[in-house]
Amino acid sequence: MQQLKIGDVILDNRIIVGPMAGISNNSFRTVIREFGGALIYSEMISDKAICFKNKKTLKMCVVNDEERPIALQLFGHDIDTMVQAAVYLDKETNCDIIDINMGCPVSKVCKSKAGCALMQMPEHAYKMVKAIVESVDKPVTVKLRAGWSHQHINVVEMALLMEKAGVSAIAVHPRTRTDYYSGHSNWDLIKQVKEAVKVPVIGNGDVKTLQDYIEMRKQTNCDFVMVARGCLGNPWLIKQLVEYEKVGKLVEEPTYKEKIDQCLYHARELVKLKGERTGIKMMRGHACWYISGLTHANKVKAKINKINKYEDLNNLMEKYIAALETEDYSYFEDN
């Protein structure tokens, strides 16, 4: 098989875990790494906050060896500060790839002319990325959306400009900014980008099952597939895709006990990173994702959303396991 690479970074398989704001921190990356994806992205990091040496932001740039290979993702608009921040990531961090965000649809980011707003400024985006590529040694990649709106779909034009600027790979999330995360992503745009450029193309959007992965590869011929929201509470999806690609083998679905054990492990990692109060608050959403689809989950989720301590989460999950084993859910009935 042809060696899979982005720039000089060799990857074990085609499965990439995408960036998610407020989620893709060290603890999440450590948890997800164990399921075998080839590359993990960080949540997006502000260029200006790096330049101002904001302590919280510099902490976001810390990469542990067990997370690698990893792409740290920058967002910003100003060429000088983006270059300065990229040089910091290149020289001062342990990351393998520097990614530029041109896909974030959030108003606050777009108002600062960053994220998806850059899709409206092809020439500026080209100059910015070219300046970054020329200033760093690590491979530079970009993550694009389809365009600003359905009337302004320009992802193929942007991909060609990014290739000309010297990027080592292009990720395509084929929704427009006005779509946010609604509707269906248009995989045909990934195919069009793949046919237009020579650098590796990463397909992203609506990959939530093994069948989605198979279909995306078949329909688009993309080099890599990026999974993001599809693995929230379900990191086993990553393992399924990796094993299927390696040996064509289907991985069994996790048991409810495995899901709950994984949830508690994730909680311990988040507490380590953020402290108990913040870590458990952040964990509430993850815990709800882990138990989604299990019997009586909605009643349990209502209780999860009130907890503030790891011990409380652990006790609650022990009670839930007992309830699942005995099919006696009386504890969760408005207790």
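Here the structure is a predicted model, which is why all the values come from computation and not from measurement.
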A.B. asks: Check whether any side-chain heavy atom of Ile15 lies under 4.5 Å from a side-chain heavy atom of Phe224, and answer yes or no.
C.D. replies: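 When only atoms from C-beta onward are counted, Phe224 and Ile15 do not touch, as no gap falls below 4.5 Å.
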A.B. asks: Just by distance, do the side chain of Arg217 and the backbone of Cys222 share a donor-acceptor pair under 3.5 Å?
C.D. replies: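 Such a contact is found between Arg217 side chain and Cys222 backbone.
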A.B. asks: Would you say the side-chain atoms of Thr209 and Asp212 include a donor-acceptor pair closer than 3.5 Å?
C.D. replies: yes
A.B. asks: Under a 4.0 Å N-O cut-off, is there an ion pair linking Glu243 with Lys239?
C.D. replies: no
A.B. asks: Can we call the ring centroids of His296 and Tyr320 under 6.0 Å apart?
C.D. replies: no
A.B. asks: So, are Lys299 and Glu333 salt-bridged, with charged N and O less than 4.0 Å apart?
C.D. replies: yes
A.B. asks: Using the side-chain contact (heavy atoms from CB on, under 4.5 Å) rule, take Leu324 and Ile260 through it: C-alpha gap first, then chi angles, then the decisive distance, then the call.
C.D. replies: CA-CA 11 Å; Leu324 288 164; Ile260 290 169; 4.2 Å; yes
A.B. asks: For residues 107-120, dump all side-chain donor-acceptor pairs below 3.5 Å to protein atoms at least two apart in sequence or in another chain.
C.D. replies:
from: Ser107; atom 1: OG; to: Arg177; atom 2: NH2; distance (Å): 3.2
from: Ser112; atom 1: OG; to: Val109; atom 2: O; distance (Å): 2.7

A.B. asks: Is any side-chain N of the basic residue among Glu134 and Lys130 closer than 4.0 Å to the acidic one's carboxylate O?
C.D. replies: yes
A.B. asks: If you count every heavy atom of other residues, nucleotides or ligands that lies below 6.0 Å from Glu66 atom CD, does the total exceed 12?
C.D. replies: yes
A.B. asks: Count the heavy atoms belonging to other residues, nucleotides or ligands that lie under 6.0 Å from CD of Glu215, then report whether that count exceeds 12.
C.D. replies: yes
A.B. asks: Applying the side chain to side chain contact (heavy atoms under 4.5 Å, CB included) test to Ser42, which of Asn26, Val63, Leu74, Leu72 qualifies?
C.D. replies: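 Going through the options one by one, the only one that passes is Leu72.
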A.B. asks: State plainly whether the residues Asp8 and Lys138 are in salt-bridge range, i.e. N to O under 4.0 Å.
C.D. replies: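 Between Lys138 and Asp8 there is no salt bridge, as every charged N stays at least 4.0 Å from the carboxylate O atoms.
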A.B. asks: Is the terminal nitrogen or CZ of Lys164 (NZ for Lys, CZ for Arg) located under 6.0 angstrom from the six-membered ring centre of Tyr126 and within 45° of that ring's axis?
C.D. replies: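 Yes, a cation-pi geometry.
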A.B. asks: For Arg268, what residues pass the side-chain hydrogen bond (donor to acceptor under 3.5 Å, both in side chains) criterion, not counting sequence neighbours?
C.D. replies: Tyr310
A.B. asks: Among residues at least two apart in sequence or on other chains, which ones pass salt bridge (charged side-chain N to carboxylate O under 4.0 Å, His left out) with Glu276?
C.D. replies: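 Glu276 satisfies salt bridge (charged side-chain N to carboxylate O under 4.0 Å, His left out) with no other residue.
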A.B. asks: Could you check whether Asp80 pairs with Lys48 (Lys NZ or Arg NE/NH1/NH2 to Asp/Glu carboxylate O, under 4.0 Å)?
C.D. replies: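 So Asp80 does not pair with Lys48 through a salt bridge.
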A.B. asks: Using side-chain heavy atoms (C-beta onward) and a distance below 4.5 Å, is Ile23 in contact with Glu43?
C.D. replies: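 Of all side-chain heavy-atom pairs linking Glu43 with Ile23, none is under 4.5 Å.
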A.B. asks: Any side-chain donor paired with an acceptor under 3.5 Å for Asn64 and Glu67?
C.D. replies: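 Yes, because at least one side-chain N or O of Asn64 sits under 3.5 Å from a partner of the opposite role on Glu67.
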A.B. asks: Quick check for you: to the nearest 0.5 Å, what is the distance between Asp47 atom CG and Asp78 atom CG?
C.D. replies: 7.0 Å
A.B. asks: Less than 4.5 Å apart, any side-chain heavy atom of Met216 and any of Val207?
C.D. replies: yes
A.B. asks: Under 3.5 Å, is there a donor on one side chain and an acceptor on the other for Lys191 and Asn221?
C.D. replies: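 No pair is found: no donor N or O on one side chain lies under 3.5 Å from an acceptor on the other.
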A.B. asks: Within the 4.5 Å heavy-atom criterion, are Thr93 and Tyr88 side-chain neighbours or not?
C.D. replies: yes
A.B. asks: Can you see whether Tyr244 has Arg14 sitting over its ring - NZ or CZ less than 6.0 Å from the centre and within 45° of the normal?
C.D. replies: no
A.B. asks: Strictly below 4.0 Å, N to O, side chains only: are Lys246 and Asp12 in salt-bridge contact?
C.D. replies: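 Salt bridge between Lys246 and Asp12, a charged N being under 4.0 Å from a carboxylate O: no.
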A.B. asks: So, Asp206 side chain and Ser185 main chain: donor-acceptor pair closer than 3.5 Å or not?
C.D. replies: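 The answer is yes, because a donor-acceptor pair under 3.5 Å joins these two groups.
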